[in-house]
Amino acid sequence: MQVESYKMITIEDLIEKISSYHPSPDVSLLRRAYRFSHEAHYSQKRREGTPYIGHPLSVASILADMHMDTTTIVSGLLHDTVEDAGTDLREIEELFGSEVAFLVDSLTKLGRIRFRTKEEAQAENFRKMFLAMAEDIRVILIKFADRLHNMRTLQHLPPGKQRRIARETLEIYAPLANRLGIGWMRIEFEDLSFKYLMPDVYEGLLKKVALRREEQEGYINEVAEQLKERLRAQEIPGEVTGRVKHLYGIYRKMQSRKVPFDQIYDVLGLRIITDTKTHCYGIMGIIHSLWTPVPGRFKDYIALPKSNMYQSLHTSVIGPKGQRVEFQIRTREMHRIAEEGIAAHWIYKENGRVPRKDTRHIKWLRDIIQSQKDLGDAREFLEVVKGEVVPEVVYVFTPRGEIKELPAESTPVDFAYSIHTEVGHRCVGAKVNGRIVPLRYHLQSGDTVEIITSPAHGPSKDWLKFVVTQRAKSRIKHWIKTEERKQSLELGNRILETEFRKRGLSPGLLKSPEMEEIAGSFSMKSTEDLIISVGYGKVSAHQVANRLQPGRKEEEELPLKRHVRKEAEVKGISIKGIDNILYHTARCCYPVPGDPLVGFVTRGKGVTIHRRDCPNLERLAVDDARLVEVDWVSGGDATSTTKLFIETMDRPGMLANLSTLISSMNVNITHLEASSTQDRRAHFTFLLEVNDRAQLVRLTQKIASTEGVLRVRR
């Protein structure tokens, strides 16, 4: 692990470091940026009491370690001047140019905007950063350097803040560094996060690895010498070095295999760096001729590079004394890319944006940003990004032989959406290696996948239970949301037309200017939004109709207790021996006129009216003194609210059929909830306004006899 010395770096140290790889850096620009940053942060100190300027200098130094261009390093020196020192961004643009100003602005948090929660603010800041990163990758490289220095000095913060920053680093920055191919930084992010999130486990593992290294160093040297001798005999150039796996990688392997440290045998390994691809494969052949390869442990990332540009051959063998040894074989250029990733493309470059040939390495991010209009908010966007930087992947082929990289445990549905949104939407089946497989099948590296589509098909909600790519999840959710909106619009129109006819109103009023005004009175943007809300059950049809008939406005829905008392003035409830008492009907059983009733006296709340067969009465009956006799008083034409549960086969049009049937019985729907199960059943819960029990019985019988309905109950 690279850890910076406690001694604060100076501008002279920085210039010397840049000059070691850059033939002619703009020293005057670097000094000017340093002086500007020093003055901006002059009175500020870090938590540990050191001058704040040490932080931007350290960030610039990390960027120099990555061999970044001068523009990036200058931006690193200035990255906190706007956010923490109140500098005007226009001043930075005037003094250092628009490119530096863009990079600094992209790293400045959205401090002037108020957010409801810290999580929302964090998500919005990440969204801003990722949008800028898609335009100029150096945004994230500077942010990486900033976060790395903060992680290296995390010991100075309170424990709670240490854990929060460490978790964020482990969940976002480490996998993102991995996705961009910056191997050394991903390792340091993971190990530092591990240290603060699980300090006891970290310290214990640190000691065990040190002991294992001491025990096995001689063994690894022996294996290395045998290989070097064979390479010399074959006249193949190769630099053989031992390496120790990083702590968090070992811990993750222990967790995934569910074994203790003593059963992790490949803590130490060997890396061979040679000059050509041909020699890489030749060295692998030599290794396999010397020792027995472990089946299933050979991976060819040279022929099939990872999306982050990583290339190498991996193999494990049973070495001398029966111990397992892992080898990595690569060329020097492959090794440079493995360590530096996308940052390697900025070495010695002074020309601004990411070269066009490099944009393919962040295509996944561009795809997310392209589809962000479908995402609800910044938090959902952040979850999508997290899902796209997972390190474990599988490599599968299209029927034409094109390679697709997908997260581990991806399914044919994930594959279909990776091809095109419409292919995903129309997917009805899949063939893997020539045979039909379930859509839940987990793809394996090397599979050839063929998607079977149908133009009349659409996604299923059940797919959300097994797809793993965020692209598939967001596309499916967006399709379902669009379809539900379409169905709710159709249903809302039907319900309102039925209610209007009952009131003697013309259905043509649905397209009238008055409806626009009524939509506004419900705080909705358009008539369509109002109709959809009726379809969803958020607004009742008679609320809308009442507002179209000003003379009946006083009959609009009121809070539950007042509404029930309004009904009672017409229908009436007689409570034996009690006059002028507050009462309301129970929501557990929703009694209607004609139901046998009983009242329960609730202290301070009057009487709650239940059906006599209400299951809750068994619990309440322990106090018989609080039960009172209740009966309906007939008269009037008011309605009562009741709840109906319906289970059906899950098939298209079922909800529309039920809604039409209910409306045809002159029953108003005030609310509905719908869900489906894995065994293709649909559950509907309706809140209805009925005249009496007789009408409800007739309705229940009609619904029960409808094709596809399995059961109906109150």
Side-chain angles (χ1 to χ4, degrees), residues 1-38 50-51 53-80 96-97 99-100 103-104 107 136-153 177 180-189 192 237 239 241 243 271 273 275 309 330-355 358:
M1 184 188 301
Q2 298 181 10
V3 180
E4 215 168 68
S5 168
Y6 179 77
K7 178 179 173 291
M8 191 173 81
I9 191 170
T10 67
I11 184 61
E12 300 305 327
D13 296 331
L14 178 62
I15 291 170
E16 184 181 345
K17 185 179 286 190
I18 297 167
S19 300
S20 69
Y21 67 86
H22 197 300
S24 55
D26 191 338
V27 174
S28 64
L29 179 65
L30 289 163
R31 290 189 188 280
R32 208 152 27 94
Y34 166 72
R35 285 195 297 271
F36 187 93
S37 183
H38 189 278
T50 59
I53 188 62
H55 172 62
L57 273 169
S58 295
V59 169
S61 178
I62 292 169
L63 292 168
D65 288 334
M66 297 165 72
H67 291 191
M68 297 304 293
D69 62 301
T70 308
T71 300
T72 309
I73 295 172
V74 166
S75 302
L77 284 168
L78 301 172
H79 79 278
D80 273 341
F96 302 100
E99 201 171 352
V100 170
L103 293 172
V104 172
L107 294 157
D136 192 325
I137 198 66
R138 291 175 296 178
V139 170
I140 196 64
L141 299 179
I142 299 168
K143 189 61 185 176
F144 280 163
D146 174 47
R147 177 52 62 108
L148 185 57
H149 183 250
N150 284 335
M151 288 298 294
R152 287 173 175 175
T153 55
L180 296 175
I182 310 173
W184 70 270
M185 191 171 276
R186 186 261 302 182
I187 287 172
E188 192 165 351
F189 276 149
L192 285 170
E239 181 185 312
T241 56
R243 64 184 189 89
R271 179 177 291 144
I273 297 175
D275 57 349
M309 304 176 287
R330 59 181 71 149
T331 66
R332 189 157 299 283
E333 176 64 12
M334 290 174 192
H335 182 62
R336 187 174 70 86
I337 297 296
E339 291 298 298
E340 297 165 1
I342 201 165
H345 293 265
W346 285 101
I347 294 178
Y348 306 128
K349 288 181 182 172
E350 296 290 336
N351 59 350
R353 301 290 184 260
V354 180
D358 297 341

Set of residues satisfying salt bridge (charged side-chain N to carboxylate O under 4.0 Å, His left out) with respect to [X], sequence neighbours excluded:
{"X": "Glu16", "answer": "none"}
{"X": "Asp146", "answer": "Lys143"}
{"X": "Arg35", "answer": "none"}

Determine the minimum heavy-atom distance between [X] and [Y], stating which atoms define it.
{"X": "Val104", "Y": "Ser75", "result": "CG2-O, 4.1 Å"}
{"X": "Met68", "Y": "Ile73", "result": "O-CD1, 3.6 Å"}
{"X": "Pro25", "Y": "Ile18", "result": "CB-CG2, 3.8 Å"}

Subject >> Candidate pair Ile15 and Ile11, rule side-chain contact (heavy atoms from CB on, under 4.5 Å), full reasoning >> reply: CA-CA 6 Å; Ile15 291 170; Ile11 184 61; 4.0 Å; yes

Subject >> Any side-chain heavy-atom pair of Met66 and Ile182 under 4.5 Å >> reply: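 In contact.
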
Distance check, rounded to the nearest 0.5 Å: [X] atom [atom1] versus [Y] atom [atom2]?
{"X": "Phe36", "Y": "Arg32", "atom1": "CZ", "atom2": "CZ", "value": "10.5 Å"}
{"X": "Ser37", "Y": "His79", "atom1": "OG", "atom2": "NE2", "value": "8.5 Å"}
{"X": "Leu107", "Y": "Ile142", "atom1": "CG", "atom2": "CD1", "value": "5.5 Å"}
{"X": "Trp184", "Y": "Leu148", "atom1": "CH2", "atom2": "CG", "value": "5.5 Å"}
{"X": "Ser58", "Y": "Ile62", "atom1": "OG", "atom2": "CD1", "value": "6.5 Å"}
{"X": "Arg147", "Y": "Ile140", "atom1": "CZ", "atom2": "CD1", "value": "10.0 Å"}

Original post:
Side chain of His335, backbone of Arg332: donor and acceptor closer than 3.5 Å?
Top reply: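 Flag not set: sc His335 to bb Arg332 has no pair under 3.5 Å.
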
Original post:
Would you find a donor on one side and an acceptor on the other, under 3.5 Å apart, between the side chain of Ser20 and the backbone of Lys17?
Top reply: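 Yes, Ser20 side chain to Lys17 backbone: donor-acceptor pair under 3.5 Å.
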
Subject >> Steps toward side-chain contact (heavy atoms from CB on, under 4.5 Å) verdict (Leu180, Ile137) >> reply: CA-CA 10 Å; Leu180 296 175; Ile137 198 66; 4.2 Å; yes

Original post:
Phe96 and side-chain contact (heavy atoms from CB on, under 4.5 Å): which partner among Leu29, Thr71, Leu77?
Top reply: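 The single option meeting the side-chain contact (heavy atoms from CB on, under 4.5 Å) with Phe96 is Leu29.
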
Subject >> Residue that, paired with Leu63, satisfies side-chain contact (heavy atoms from CB on, under 4.5 Å) out of Thr72, Leu14, Asp69, Thr70 >> reply: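 Testing each of Thr72, Leu14, Asp69, Thr70 against Leu63, the sole residue satisfying side-chain contact (heavy atoms from CB on, under 4.5 Å) is Thr72.
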
**OP:** Output, in order, the C-alpha distance, side-chain angles, deciding distance and verdict of side-chain contact (heavy atoms from CB on, under 4.5 Å) for His55 and Thr50.
**Re:** CA-CA 9 Å; His55 172 62; Thr50 59; over 6 Å; no

Subject >> Verdict with reasoning, Leu103 to Val139, per side-chain contact (heavy atoms from CB on, under 4.5 Å) >> reply: CA-CA 6 Å; Leu103 293 172; Val139 170; 3.7 Å; yes

**OP:** Would you please classify the geometry between the Tyr21 ring and the His67 ring as parallel, tilted or perpendicular, with 30° and 60° separating the classes?
**Re:**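 His67 vs Tyr21 ring planes: parallel.
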
